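Report on the structure given below.
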Amino acid sequence: MALVIYNTLTRKKEEFVPLKPGRVHIYVCGPTVYGHPHIGHAKSYISFDAVVRYFRYLGYRVKYVQNITDVGHLTDDADEGEDKILKKAREEKLDPMQVAEYYTWSYFDDMQALGVIRPDISPRATGHIIEQIELIKVLLKKGYAYEVNGNVYYDVTKFKDYGKLSGRKLDELMAGARVEVNPEKRHPADFALWKRAEPGHLMRWPSPWGEGYPGWHIECSTMSMKYLGETFDIHGGGIENVFPHHECEIAQSEAATGKPFVRYWMHNNMVTVNGTKMGKSLGNFITIKEALKKYTPHTLRYFVLSSHYRSALDFSDEALTAAEKGIDKLLATVKNLLKALGNAGEVSDFTPPFSPEEFRKRFEEAMNDDFNTPRAIAVLFDLSRELNAYLNRAEALHKPFLEEVNVLYQQLGGEVLGLIPKDLKVDTGAELQGSIEKIIQITIDIRNELRKEKMFKLADRIRDRLSEIGIILIDKPEGTTYEFKETES
RNA sequence: GGCGCCGUACCCAAGUGGCUAAGGGGGAGGUCUGCAAAACCUCUAUUCGCCGGUUCGAAUCCGGCCGGCGCCUCCA
């Protein structure tokens, strides 16, 4: 089955055909860096991380660009109000670029913690002022924009396709306008490409229209086309950006180049907390840093990927606790596998108890269907049940077979979903832990002597106390083993 | 007011015209165990918000209603 993607532009699932064979050019709207990233960012970027990882798994050469917005987004009204970064800078008495830099790194740190692979290019808006001015000049020259008092606006009535992504019509936009009409605009839906800097405005650049700063949609058009070409494969972002942000991007880009801008538009759904939207300006958001105090990165990743990217995800402690149990179960199985791999050998006339390739196929079918990660995860659980059953019942284990299964976990659960760490600890003989392990072994030996003497109360106390510090004893007919409780990666 | 999405078991969540409605969590029982833990096995929705309609056949398509959410203002 071919890879299909739900395209917001056509509202249908469409087979993915790259513009250049074997390559994927993808742009995803990045964060505005004026605060610590929250779990909504986590959902968005983990989802697209899985998309990019899957393309790479399929063998595509991917060029993944994600902007860092360090200027330009305003606090309230489209054209009035104060730049969010400037606001933060004033509140914290910092240079705006200090604010942007600080939160850019906060973002990178959190993404790394969540196992999100860095985009190939993370262009900053302030680093592309010249290119943005050039694009605005083209739009003016082609008659799609007009200047008033050092402000440049895009004339939406000139672009006949305006509304094709979001399904909106200009007259409807007028009727529903909640914002006071800016008298400088010819049409209420016109949007700013360049804003004149008032005296005292800290972030300002010279331009043909005087000192000012770019509007909020122009950076994405500029930077995506600069690095990916005038037409590229995929543009992703949050569903709330369909209108106006992405609609405006299309208007700017296609007006300037006369070519289709993006072939597949992908939009991920929102995170809600207790059923209501989480937004930066609502102040009810949970930062990734807060979430990571309570849950492991793998739990958060698993939680995000266990629902589809186009579904809304409700964040609650119950759901996260269930997710934690789920991912622990998956990781426990992989650990069992790694342990078994240690004592496995060659079994003559071996008959495979199940077909690993069958599971790979099912996994790929799920991912090919618009990146259906919940279904893909379900396949991994089905595989786990088969594997555990084999590990339990087989008296002699066939090493090549276990290795094949291990590769499957590493590729599907590891490389693609980022749920299974490459260096998963198998709780045996790590050098650093050598002496600790000897001590545990001594404790176990003594406890087993107690058990032989039927002094179970004391034996259980030893097990309970060890359990309190995260060492779990497992009594089997062949003897006692132990493992460290999974707390991190 | 306009546009759009969603409602599947106790919870989370796939499935969107036809074999037994995935998977995870939780719960019940069992194998194993001195007891546990882990793992495995069995059970836990004759039914998919409600009401009509289309169809040989619908959770899936159409219409209406009820409920929840999002966008139309910066937001992932």
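Since this is a predicted model, take the numbers as computed values, not measurements. Each chain gets a letter, A, B and so on, in the order its sequence line appears, and its residues count up from 1.
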Pick base, sugar-phosphate or nothing for Phe303(A), based on heavy-atom distances below 4.0 Å to the nucleic acid. nothing
Query raised in the report: Is the phosphate of rA76(B), meaning OP1 or OP2, less than 4.0 Å from a side-chain N or O of Thr32(A)?
Result: yes
Notebook entry, point to check: Within the pair Asn336(A) and rA39(B), is there a side-chain N or O less than 4.0 Å away from OP1 or OP2?
Noted result: no
If you take the centroid of each ring, where Trp contributes its six-membered ring, are Tyr45(A) and Tyr107(A) closer together than 6.0 Å? yes
Next item on the list: May I ask you to say what Leu473(A) touches in the nucleic acid, namely base, sugar-phosphate or nothing, with a heavy-atom cut-off under 4.0 Å?
Entry: base
Pairing partner of rA14(B), by Watson-Crick or G-U wobble and under 3.5 Å for both distances, is none
Glu318(A) CD to rC12(B) P, in whole Å, measures 9 Å
query = Reckon Gly237(A) touches a base, only the sugar-phosphate, or nothing at all at heavy-atom distances under 4.0 Å?
reply = sugar-phosphate
Q: Provide the distance between the two P atoms, one in rC75(B) and one in rC62(B), to the nearest whole Å.
A: 33 Å
Check: Contact class for Gly236(A) vs. all strands (heavy atom < 4.0 Å): base, sugar-phosphate, or nothing?
Finding: nothing
Between CD of Glu483(A) and C1' of rA39(B) the distance, given in whole Å, is 11 Å
Between Phe48(A) and Tyr309(A), what is the ring plane arrangement, given parallel below 30°, perpendicular above 60°, and tilted in between? tilted
Across every strand shown, the nucleotide meeting Watson-Crick or G-U wobble geometry with rA37(B) (both distances under 3.5 Å) is none
From CG of Asp314(A) across to C1' of rG7(B) the rounded distance in Å is 14 Å
Closest non-hydrogen contact found for Leu228(A) with His25(A) is O-ND1, 3.1 Å
Checklist entry - What does Arg11(A) touch in the nucleic acid at a heavy-atom separation under 4.0 angstrom: a base, only the sugar-phosphate, or nothing? => result sugar-phosphate
Report task. Quote, to the nearest angstrom, the C1' distance that separates rA58(B) from rG18(B). Result -> 9 Å
> Using the P atom in both, what is the distance from rG15(B) to rU60(B), to the nearest Å?
Replying inline: 15 Å
P spacing across the pair rA36(B) / rC61(B), given as an integer number of angstrom:
49 Å
Between CG of Leu313(A) and C1' of rG24(B) the distance, given in whole Å, is 14 Å
Ring centroid separation His128(A) to Tyr227(A) under 6.0 Å = yes
Considering only heavy side-chain atoms of Arg375(A), the closest of rA76(B), rG15(B), rG26(B) is rG15(B)
Q) Just to confirm, is there a sub-4.0 Å distance from OP1 or OP2 of rC40(B) to any side-chain nitrogen or oxygen of Asn388(A)? A) yes
Write down the distance separating the C1' atoms in rA45(B) and rU20(B), rounded off to the nearest Å. 13 Å
Quick note, Ala378(A) side chain, CB onward, closest among rA39(B), rA76(B), rG23(B) is rG23(B)
(Q) Counting the atoms with a prime plus P, OP1 and OP2 as sugar-phosphate, which does Val28(A) contact under 4.0 Å by heavy atoms, base, sugar-phosphate, or nothing? (A) nothing
Separation of rA39(B) atom P from Phe381(A) atom CZ, nearest Å, is 10 Å
In short, Tyr264(A) meets Glu15(A) closest at the heavy-atom pair OH-O, 2.9 Å
Looking at Tyr390(A) versus Phe401(A), is the centre-to-centre ring distance below 6.0 Å?
yes
Side-chain heavy-atom pair Val262(A), Glu249(A) within 4.5 angstrom cut-off:
no
- C1' spacing across the pair rG1(B) / rU16(B), given as an integer number of angstrom: 31 Å
Among the nucleotides rG24(B), rA37(B), rG26(B), whichever has the atom closest to the side chain of Ile472(A) is rA37(B)
Out of rC75(B), rC72(B), rC40(B), minimum distance to the side chain of Phe243(A) belongs to rC72(B)
Partner of rU20(B) under the Watson-Crick or G-U wobble criteria, both distances under 3.5 Å, comes out as none
Any strand, both distances under 3.5 Å, Watson-Crick or G-U wobble: rC61(B) pairs with rG53(B)
### Message
Just checking Phe371(A) against Phe55(A), ring centres under 6.0 Å apart?
### Response
yes
Same-atom distance (C1') from rC11(B) to rU44(B), integer angstrom: 13 Å
The Watson-Crick or G-U wobble partner of rC3(B), with both key distances under 3.5 Å, is rG70(B)
For Tyr409(A) and Leu337(A), the nearest pair of non-hydrogen atoms, with its separation, is CD1-CD2, 3.7 Å
From the candidates rA76(B), rA37(B), rC40(B), the one with an atom nearest any side-chain atom of Ile474(A) is rA37(B)
To the nearest angstrom, the CG-P distance between Leu165(A) and rC5(B) comes to 14 Å
Ordered by number, residues from residues 446-465 of chain A within less than 4.0 Å of RNA chain B (heavy atoms) are Arg447(A), Arg451(A), Phe456(A), Asp460(A), Arg463(A)
What contact category does Phe48(A) fall into here, base, sugar-phosphate, or nothing, at under 4.0 angstrom with non-hydrogen atoms?
nothing
If only side-chain N and O atoms of Arg385(A) are considered, is one of them under 4.0 Å from the OP1 or OP2 phosphate oxygen of rG23(B)?
yes
inquiry  = Once you apply a heavy-atom cut-off of 4.0 Å, does Pro37(A) come out as touching a base, just sugar-phosphate, or nothing?
reply    = nothing
Practice task
Spell out yes or no: do the side chain of Asp475(A) and the base of rC35(B) have one donor N/O and one acceptor N/O closer than 3.5 Å?
Solution key: yes
Worksheet item: Base, sugar-phosphate alone, or nothing: which one does His308(A) contact when heavy atoms must sit under 4.0 Å apart?
Response: sugar-phosphate
Please report the distance separating the C1' of rU31(B) from the corresponding atom of rG68(B), rounded so that it comes out in whole Å. 45 Å
The nucleotide from rG24(B), rA76(B), rA22(B) with an atom nearest the side chain of Lys329(A) is rG24(B)
Report yes if at least one side-chain N or O of Ser311(A) is closer than 4.0 Å to OP1 or OP2 of rA14(B); otherwise report no. yes
Pair Lys361(A) + Glu364(A): basic N to acidic O under 4.0 Å: no
Of rG25(B), rG2(B), rA76(B), the nucleotide closest to the side chain of Arg168(A) is rG2(B)
When both distances are under 3.5 Å in a Watson-Crick or G-U wobble arrangement, the nucleotide paired with rC43(B) is rG27(B)
Distance check: side-chain N/O of Lys169(A) vs OP1/OP2 of rC3(B), anything under 4.0 Å? no
Is Gln112(A) atom CD crowded by more than 12 heavy atoms from other residues, nucleotides or ligands, each under 6.0 Å away? no
In whole angstroms, the gap separating C1' of rC3(B) from CD of Glu247(A) amounts to 12 Å
From the candidates rA13(B), rA76(B), rC40(B), the one with an atom nearest any side-chain atom of Asn392(A) is rC40(B)
Atom CD of Glu324(A) and atom P of rC12(B) are separated, to the nearest Å, by 18 Å
- Query: What about the rings of Tyr27(A) and Tyr64(A), do their centers lie closer together than 6.0 Å?
  - Reply: no
Ranking Tyr309(A) and Ala323(A) by the position along RNA chain B of their nearest nucleotide, the one closer to 5' is Tyr309(A)
Any side-chain N or O of Lys325(A) below 4.0 angstrom from OP1/OP2 of rG26(B)?
yes
